[in-house]
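Comments concern the structure below.
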Amino acid sequence: MKNESINISYQLLTADELTVEQQRTMASAREAVKTAYSPYSNYQVGAAILMENGAMVQGNNQENAVYPLGLCAERVALFNMGTLYPNIKPIMMALTVASANKPGFPCGSCRQAMVEFSNRYHCNIPLLIESVNDTFLYFENAGQLLPFTFDQSNLSD
Ligand code: THU
């Protein structure tokens, strides 16, 4: 038997440690959270993706009376990016939640979607997550959040 482990590294940042790009992307996510449509969960999530051309792509959660139809903020932003900028790389994604007593980590489905977009755009997608008391978690590669990923390489022979 052999024990193995996977290490996930990330930065814990205070607001004054954010780069200008991180500040800009988080500000956009905070703006996006304001128009989340979540009357059923009352949990608002905002996402923003900074693109290499300086453009910002936003997303927020969109719910439905048929609960499973709702979509998370991250995937709204990612699909929006795929529509608007199929040929421009993302620089980073920022995430925030409206009433945070803990960081709003992406759900498993959104992690899977991030991995797909990372492969599709041939780049890491760094992820900045707002935590409590104006502190932040920064992952250089969102894909780290989903080890042992299923992707297109599983499907090819
Ligand atoms: N939600 C997101 O937008 N992103 C996540 O990664 C987790 C959950 C949304 C979906 C739903 O509208 C609400 O939060 C409660 O689950």
Side-chain angles (χ1 to χ4, degrees), residues 1-13 17-26 28-30 32-33 36-38 41 43-64 66-97 100 102-131 135-157:
M1 190 190 77
K2 208 172 150 199
N3 287 315
E4 303 202 345
S5 65
I6 290 177
N7 184 36
I8 299 178
S9 55
Y10 56 93
Q11 298 172 346
L12 281 176
L13 299 165
E17 289 173 322
L18 297 182
T19 65
V20 172
E21 284 183 338
Q22 287 172 332
Q23 286 174 26
R24 211 184 133 217
T25 316
M26 185 51 73
S28 183
R30 283 173 168 171
V33 85
Y37 178 70
S38 52
S41 72
Y43 183 77
Q44 290 87 26
V45 188
I49 306 171
L50 174 63
M51 307 301 298
E52 220 171 44
N53 65 356
M56 198 67 77
V57 179
Q58 293 175 312
N60 52 31
N61 52 329
Q62 297 291 322
E63 298 187 348
N64 193 285
V66 180
Y67 294 176
L69 290 190
L71 200 57
C72 294
E74 296 91 320
R75 274 175 289 159
V76 170
L78 288 165
F79 297 164
N80 203 5
M81 170 176 87
T83 304
L84 295 171
Y85 301 109
N87 299 311
I88 294 171
K89 288 188 194 302
I91 302 273
M92 76 171 80
M93 183 181 216
L95 275 185
T96 189
V97 296
K102 59 180 285 191
F105 290 114
C107 76
S109 297
C110 289
R111 294 178 198 209
Q112 179 69 33
M114 285 176 201
V115 168
E116 180 78 23
F117 276 88
S118 196
N119 291 339
R120 173 171 160 188
Y121 282 77
H122 306 290
C123 63
N124 285 345
I125 303 182
L127 182 62
L128 180 68
I129 299 177
E130 180 159 14
S131 185
T135 63
F136 304 85
L137 282 70
Y138 184 69
F139 299 83
E140 278 178 1
N141 176 12
Q144 277 185 299
L145 293 175
L146 192 65
F148 302 110
T149 312
F150 183 92
D151 65 19
Q152 58 214 14
S153 65
N154 292 93
L155 300 173
S156 52
D157 30 40

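The residues of the chain are indexed from 1 along the displayed sequence.
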With a 4.5 Å cut-off on side-chain heavy atoms, are [Y] and [X] touching?
X: N80; Y: Q58; result: no
X: V115; Y: F150; result: no
X: F79; Y: L71; result: yes
X: L127; Y: P106; result: yes

Item to check | Test side-chain contact (heavy atoms from CB on, under 4.5 Å) applied to Y138 and E140, step by step | outcome: CA-CA 6 Å; Y138 184 69; E140 278 178 1; 3.8 Å; yes

Rounded at 0.5 Å granularity, tell me how far [atom1] in [X] sits from [atom2] in [Y].
X: E74; Y: R111; atom1: CD; atom2: CZ; result: 9.5 Å
X: Y121; Y: I49; atom1: OH; atom2: CD1; result: 8.0 Å
X: L137; Y: S131; atom1: CG; atom2: OG; result: 5.5 Å
X: D151; Y: R120; atom1: CG; atom2: CZ; result: 14.5 Å
X: T135; Y: I129; atom1: OG1; atom2: CD1; result: 11.5 Å
X: C107; Y: R75; atom1: SG; atom2: CZ; result: 5.0 Å

Checklist entry - Which of these passes side-chain contact (heavy atoms from CB on, under 4.5 Å) with F139: Q144, Q11, M92? => result Q144

Considering all heavy atoms of both residues, which atom of [X] and which atom of [Y] are nearest to each other, and what is their separation?
X: H122; Y: K89; value: O-NZ, 3.7 Å
X: E21; Y: I91; value: OE1-CG2, 3.8 Å
X: V66; Y: N64; value: N-OD1, 2.8 Å

Checklist entry - Any donor-acceptor pair under 3.5 Å linking the side chain of R24 with the backbone of G54? => result yes

Checklist entry - Between N61 (side chain) and A36 (backbone), is there a donor-acceptor pair under 3.5 Å? => result no

Checklist entry - When you look at Q112 and L146, which way does the side-chain contact (heavy atoms from CB on, under 4.5 Å) test go after all the steps? => result CA-CA 7 Å; Q112 179 69 33; L146 192 65; 3.4 Å; yes

Item to check | Chi angles and distances behind the side-chain contact (heavy atoms from CB on, under 4.5 Å) call for T25, L128 | outcome: CA-CA 9 Å; T25 316; L128 180 68; 5.6 Å; no

Checklist entry - Do S38 and E63 pass the side chain to side chain donor-acceptor pair (under 3.5 Å) test, and can you show the C-alpha distance, the side-chain angles, and the key distance before you say yes or no? => result CA-CA 5 Å; S38 52; E63 298 187 348; 4.8 Å; no

Checklist entry - So L13 and Q22, side-chain contact (heavy atoms from CB on, under 4.5 Å) or not? Walk me through it. => result CA-CA 11 Å; L13 299 165; Q22 287 172 332; 3.9 Å; yes

Next on the checklist: Quick one about Q152 and N154 (side-chain donor to acceptor, distance below 3.5 Å, no hydrogens or angles considered), yes or no?
Outcome noted: no

